Amino acid sequence: MKVATWNVNSLTARWPRVDEWLRTRDVDIVLVQETKQTDAKFPFDALRDLGYDAAHYGQGQWNGVAIFSRVGLEDVTRGFGDDDPEARVIGARCGGLQVYSCYVPNGRALDDPHYQYKLSWLEKLRERLAARPSDQRIVVGGDFNVAPTDLDVYDPEAFVGATHVSEPERGAIRALLATGLVDAARQHNPDDPCYSWWDYRNGSFRRGWGLRIDLLLVDDVTAGRVIDVHVDREARKGEKPSDHAPVVVELRDEI
DNA sequence: ATGTCACAGTCCCTGTGA
């Protein structure tokens with residue numbers, strides 16, 4: 001079974017690339033961020049034609065998260081059950097897994113109120129994950145907007161004082177892992193940076209100026225099923241790409 | 001730091017967010 005996370009930066013603008021990707025990658029569950037569309041515009045019918053059930057938590061102009069699954073889709077949850085007006089997390093049960101698609105707030109700047117919103121949002125996610133049953137098999141994917149360590153940053157010097165690398169943000173990611181989760185890409189590729197995002201500006205992709213901010217966090221039993229984790233850099237090339245590439249984990253069948 | 005992209009409204013340019 002393959003599970004992917006992909007920030008598509010507008011499903012409306014990206015649909016031709018997403019459609020082509022789904023037809024050629026043979027992925028079972030796709031955790032999608034930044035759909036930037038309402039539920040009314042979401043391509044439920046086109047996804048069904050491709051074999052996927054889908055659940056969307058749409059907002060409109062900004063944010064928006066979704067789950068595509070061809071291994072079942074049940075018990076959909078949207079948000080954290082609080083008063084957060086932004087559509088940033090959706091969960092479901094797919095193929096024996098609890099999955100979440102997360103779009104963590106950007107933070108904008110260390111002294112911006114949005115940064116505190118980011119930290120409090122990550123704490124709400126931690127609380128949700130800490131409350132899960134111990135026997136639950138889970139994949140938490142998304143754009144976390146945090147590079148967990150300096151290995152995940154092309155030039156750590158250039159990011160001193162910036163968001164995405166600050167100690168409170170990195171501490172929040174470690175706190176998610178401390179609920180009993182494994183960073184699948186880093187476990188499987190201890191030395192490969194595995195960047196997943198490159199700025200549209202400056203020719204960043206061509207120059208290799210990337211960050212690893214799109215993560216797949218899995219419970220320890222699921223971590224034992226991992227055959228491969230890779231970043232699909234081909235999806236970052238060509239016509240009208242997202243600024244993020246998909247990250248894909250392949251799991252061996254359960255015994 | 002900034003060589004881009006996507007969105008909505010001010011609607012074919014501009015401000016905002018990333």
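Chain A is the first sequence line, chain B the second, and so forth, proteins listed ahead of strands; every chain is numbered from 1. Quantities reported herein were computed from a predicted structural model and do not represent experimental measurements.
The OH atom of A:Tyr154 sits 12 Å away from the P atom of B:dT2 (whole-angstrom rounding). Atom pair A:His114:NE2 and B:dT16:P shows a separation of 15 Å (rounding to whole Å applied). Atom pair A:Trp198:CH2 and B:dA1:P shows a separation of 23 Å (rounding to whole Å applied). One atom, NE2 of A:His244, and another, C1' of B:dT4, lie 13 Å apart when rounded to the nearest Å. Atoms CG (A:Asp199) and P (B:dA18) sit 13 Å apart, rounded to a whole Å. A straight line from CZ of A:Arg14 to C1' of B:dT4 spans 11 Å, rounded to a whole angstrom. We find that CH2 of A:Trp15 is positioned 17 Å from P of B:dA6, with the value rounded to whole Å. At whole-Å resolution of the value, CG in A:Asn63 and P in B:dA6 are 17 Å apart.
Residues satisfying the salt bridge (Lys or Arg N to Asp or Glu O under 4.0 Å) criterion with A:Asp83, sequence neighbours excluded, are absent altogether. Not a single side-chain hydrogen bond (donor to acceptor under 3.5 Å, both in side chains) links A:Glu239 to another residue, sequence neighbours left out. Checked against salt bridge (Lys or Arg N to Asp or Glu O under 4.0 Å), A:Lys41 has no partners two or more places apart in sequence or in another chain. By the salt bridge (Lys or Arg N to Asp or Glu O under 4.0 Å) test, A:Asp232 pairs with A:Arg25, sequence neighbours left out.
For A:Arg201, no side-chain nitrogen or oxygen approaches OP1 or OP2 of B:dA18 to under 4.0 Å.
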Note to self: Would A:Arg132 and A:Thr179 count as a side chain to side chain contact (heavy atoms under 4.5 Å, CB included) here? Give the steps.
What the structure shows: CA-CA 9 Å; A:Arg132 74 188 189 275; A:Thr179 70; 3.1 Å; yes
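Through direct or indirect side-chain contacts shorter than 4.5 Å among Ile, Leu, Val, Met, Phe, Trp and Tyr, A:Leu47 is connected to A:Trp6, A:Val8, A:Leu11, A:Trp15, A:Val18, A:Trp21, A:Leu22, A:Val27, A:Val30, A:Val32, A:Phe42, A:Phe44, A:Leu50, A:Tyr52, A:Phe68, A:Val248.
Comparing the same atom, C1', in B:dC11 and in B:dT16 gives a spacing of 16 Å after rounding to whole Å. Between B:dA6 and B:dT2, the distance separating the two P atoms is 23 Å to the nearest Å. For the P atoms, the distance from B:dG17 to B:dT10 is 16 Å, rounded to whole Å.
Both A:Ala158 and A:Pro241 sit near DNA chain B, but only A:Ala158 has its closest nucleotide nearer the 5' end. Along DNA chain B, the nucleotide nearest A:Phe159 and the nucleotide nearest A:Asp243 are compared for position; the residue whose nucleotide lies closer to the 5' end is A:Phe159.
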Expected list for residues 107-116 of chain A: side-chain donor-acceptor pairs under 3.5 angstrom, two or more places apart:
residue  : atom : partner  : partner atom : Å
A:Asp112 : OD1  : A:His114 : N            : 2.7
A:His114 : ND1  : A:Gly107 : N            : 3.0
A:Tyr115 : OH   : A:Ser166 : OG           : 2.7

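Contacts with DNA chain B (heavy atom under 4.0 Å) in residues 202-214 of chain A: A:Asn202, A:Arg206, A:Arg207, listed by number.
For A:Glu157, the CD atom is loosely surrounded, since the number of other residues' heavy atoms within 6.0 Å does not exceed 12.
Checking B:dA18, B:dA1, B:dT4 against every side-chain atom of A:Tyr200, the shortest atom distance belongs to B:dT4.
Screening residues 132-169 of chain A for ring pair (Phe, Tyr, Trp, His ring centres under 6.0 Å), with sequence neighbours left out, gives A:Tyr154-A:Phe159, A:Tyr154-A:Trp209.
A:Asp228 contributes no side-chain N or O that, together with a main-chain N or O of A:Glu250, makes up a donor-acceptor pair within less than 3.5 Å.
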Next item on the list: Mark up nucleotides 7-14 of chain B, 5' to 3', with B wherever a protein heavy atom is under 4.0 angstrom from a base atom, S wherever such an atom reaches only the sugar-phosphate, and - elsewhere.
Entry: SS------
